[in-house]
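Take a look at the structure set out below.
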Amino acid sequence: MAPKTSPEVGGMGHSVRRKEDPRFIRGKGTYVDDVVLPGMLYLDIVRSPFAHAKIKKIDAAKATAIPGVLAVITGQDLAKYNLHWMPTLMSDTQMVLPVEKVMYQAQEVAAVLATSRYAAADGAAAVLVEYEPLPVIVDPKKALEPGAPVLRTDKKDKKDNHIWHWEWGNRAETDRLFTEAEVTVKQDIYIPRIHVASIETCGCIAHFDKVNDKLTVWMTTQAPHAIRTVFALVAGHVGLSEQNIRIISPDIGGGFGGKVPVYPGYVIAVAASVLTGKPVKWIEDRMENLQADSFARDYHITAELAAKKDGTLTALRIKTLADHGYTDAAANPSKFPAGLFHVCTGSYDLKAAHVEVDGAYTNKPPGGIAYRCSFRVTEAVHTIERMADLMAHQLGMDPAEFRMKNFVKPEQFPYKSALGWEYDSGNYAGALRKAMDTIGYADLRREQAEKRKRGELMGIGISSFTEIVGAGPSKHFDILGLKMFDSCEIRIHPTGKAIARFGTKSQGQGHETTYAQILAEELGIPAADIRVEEGDTDTAPYGLGTYASRSTPVAGAAAAIAARKIQDKARKIAAHLLEAAEEDLVWETGKFSVKGAPNRSKTIQEIAFAAYTNHPQGLEAGLEAVSYYDPPNLTYPFGSYICVVDVDKGTGEVKVRRFVAIDDCGNIINPMIVQGQVHGGLTMGLAPALLEEISYDEIGNIQGGSFIDYLLPTAVETPKWETGHTVTPSPHHPLGAKGVGESATVGAPAAIANAVVDALWHLGVRHIDIPITPPKVWRLLREKGVTE
Ligand code: CDP
């Protein structure tokens, strides 16, 4: 669709260059670690080498003797203020610093405050901690066995390691359909623990100004307002009151869900600043970030799919064990302990489904964050897309034909899924058809057949995913009781330029550009004339922040609604200026003119000037508006990805030869930014599919705790992504837009895994858990007698 506005105005559909890039590419961004305050102190953290151990003694003498070290802070110190525990976003509890025992390797044990970062680090190395090791549980299945040692001894009545049981769907009907089913498939699927590896690690500078009683925290957070409220609720008793707390999220170098939780380091820095009255900086190093911050995934899934012989799907049944580490610190909406996992019926029209999830405590770091995915959607998509392929192969059907047969059809929207979600819009067959045409699917299948005859291993994998983003309608979505609306406030200045502030916070997604484009579209003010600000709780309207691709569906909608309020007032001013009745005015982007007399018109800039110099009597001066947008529904972006792999028989190496991604995020604000989001997302989907995993040995030692063995994809491993899109607008979003930031990360792993299994199916391989590493494949090939 051609853009409605000119390139000079730069509304929706223009690939406007990112406003933020000039500062980023010149190295002039302001990240937390760039902030330096006079008299600033530095914090470093002592971490546990044990995964489970009693703390017998902390000896700080050697540390405090180091020049520049001012204090060693322990759990006992924080306990005096009742700040040694804090609530998690899932209403569990998490230690800030331990008093009795540590629960995972790399857990915070004590903090060292010093006049320089180096002195703080030397101090941390000099703190002597005496531990008494305790039995360690790393396997959630073992954690739930009768007689397993109870890990959360701090919870008086806790008799086991079970956190919660959650189920959704129609069990009886699902069971019935399975009993009747002509064909069923069943598969255990493990989606391993992985970790966000943003360019910038987490950190903060806490500055408590004792004179003005004001706490300012520069912080790597994706949700500054929610953090301010949590700080006020948790530390109100020590005098931190919400009007005196200011959270500033400056430039953020990638969040991906990892910068939603409150980490102990933030709280210790705040406590240290309140006690000393000095600014305190805490910045994690890379290994601390990988080893101790919130993890993602770690779902042990058993899935079953039922179908008729002709390939019509009927039912889905899933049981999942969720390993949450030692506390449930997932960042899910309160009502959904397993996030939005129950979008697991995916793009398929099923008659019934039932999902059960059990959470378990283990001796691992907490988390369960939505790593570039809208709360467990990656887990859901991976499961249904693997299962769809398994069923297609089992039936001897082509996986594309099988999907086409079972897709929810365009005329079925709005579509109520078997698990109760109301999908807003979609054309799944359209996206798959486009992906097949782009990649030349039929030719590839022919090539595969020929290669197979020659003994070469080539596979084609499809993932036709449905995402669910834009949390969320307040009747269902809150975090710690805070409803998940979002906001935009616009002020138009007398010269027709504007500032707009939002409750969200970009971490690289380009909000300064795309929000300005939304306003340009609605008001006709050039995007270049609109300044967008986010991330300062003293100035921005309250919002729940940026994660789960919610910015466009929620704050983007708030921008459109606030702009329309401005337009309403502008109409009154224009009527006054043109001496015409309001209803006789016609709005064309950027100006009002009198019906039938197009020459009699006033531009938005003239109207803005009049709002301050010549406003009608009885109407307030100024031109500004605010919207707190509570979405009526989520948005359901979707896509079809097709991946071609070649598997090396000698080494087990998987090479992604081609990857076509057709995405649909409804109406597009900035095509270039959307393409960038998809490219980045695909690379982040390739990562867990082939490379990334964090695991633990039996005594809880982390494997994958540094970039030596936590393998990020580089340019060498990353294929040339071939992207495209279809456009199916959301009927309920004011701009018809859906989110897109996470689609590719959610959709890509299954396409790659399906391609590898497709390459090996004829050898009897039915499933491979991700990451599909060369040793894993090589072992399989050896088992099947293909390689020596
Ligand atoms: O919440 P987050 O910003 O991570 O995700 P998003 O709403 O999916 O947006 C990611 C980026 O893509 C933003 O700059 C959006 O404005 C842009 N986008 C777009 O241009 N058109 C869409 N339909 C969706 C997102």
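Below, each value reflects all heavy atoms present in this structure, side chains not excepted, and no hydrogens, waters or symmetry copies. One is the number of the first residue; the rest follow in order along the sequence. Numbering of ligands and ligand atoms starts at 1, following listing order.
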the protein heavy atom lying closest to atom 8 (O) of ligand 1 turns out to be V740 N, 2.6 Å
Can you tell me if S464 and S640 form a side-chain donor-acceptor pair at under 3.5 Å? yes
Do T683 and W721 pair up side chain to side chain, a donor and an acceptor below 3.5 Å, judged on atom types alone? yes
Write out the residue and atom name of the closest protein heavy atom to atom 6 (P) of ligand 1, then the distance separating them to 0.1 Å. T552 OG1, 3.6 Å
Which one holds for Q509 and ligand 1: side chain close, backbone close, both close, or neither close, with close meaning a heavy atom under 4.0 Å? both
Work out which heavy atom in D424 is nearest to a heavy atom in S730; give both atom names and the distance. OD2-OG, 2.8 Å
Between Y515 and F502 (judged by ring centroids, cut-off 6.0 Å), do the two rings come close enough to count as a pair? yes
Starting from atom 22 (C) of ligand 1, what is the nearest protein heavy atom, named by residue and atom, and what distance separates them? K738 O, 3.6 Å
Q517 side chain to T514 side chain, donor-acceptor N/O pair below 3.5 angstrom: no
Among all protein heavy atoms, pick out the one at the shortest distance from atom 3 (O) of ligand 1; state its residue, atom name and that distance to 0.1 Å. H511 NE2, 2.7 Å
Quick test: of every protein heavy atom, which one is nearest to atom 20 (O) of ligand 1, and how far off is it to 0.1 Å? N670 N, 3.0 Å
heavy-atom search around atom 23 (N) of ligand 1 in the protein gives N667 O, 2.8 Å
Going by the 4.0 angstrom heavy-atom rule, the piece of V674 near ligand 1 is side chain
Per-atom contacts of ligand 1 with Q677, taking only distances under 4.0 Å to non-hydrogen atoms: 10 (C), 11 (C), 12 (O)
Between Y299 and T383: side-chain donor-acceptor atoms closer than 3.5 Å: no
Tell me: protein heavy atom nearest atom 5 (O) of ligand 1, and distance? S549 CA, 3.5 Å
Going by distance only, is there an N or O of G666 that falls short of 3.5 Å from an N or O of ligand 1? no
What I want to check is whether the side chains of S249 and T221 have a donor and an acceptor closer together than 3.5 Å. no
May I ask whether C665 has any heavy atom positioned less than 4.0 angstrom from an atom of ligand 1? yes
What residue and atom, counting heavy atoms only, is the protein's closest point to atom 2 (P) of ligand 1, and at what distance? S551 OG, 3.5 Å
Heavy-atom contacts under 4.0 Å between T513 and ligand 1: side chain, backbone, both, or neither? neither
Between T728 and K738, is there a side-chain donor-acceptor contact under 3.5 Å, judged purely by atom types and distance? no
Tightest non-hydrogen contact, residues E467 and V377, listed as OE1-CG1, 3.4 Å
Under 4.0 Å, heavy atoms only, figure out whether ligand 1 is touched by the backbone of I669, its side chain, both or neither. both
Numbered atoms of ligand 1 (with element) below 4.0 Å of G739, judged on heavy atoms: 8 (O)
Among F413, F465, Y348, find the residue that satisfies the ring pair (Phe, Tyr, Trp, His ring centres under 6.0 Å) test when tested with Y428. F413
Contact region, R550 to ligand 1, non-hydrogen atoms below 4.0 Å, reads backbone
When you look for heavy atoms under 4.0 Å from ligand 1, do you find them on the side chain of Q507, its backbone, both, or neither? neither
Nearest heavy-atom approach of F477 to P333 is CD2-CG, 3.5 Å
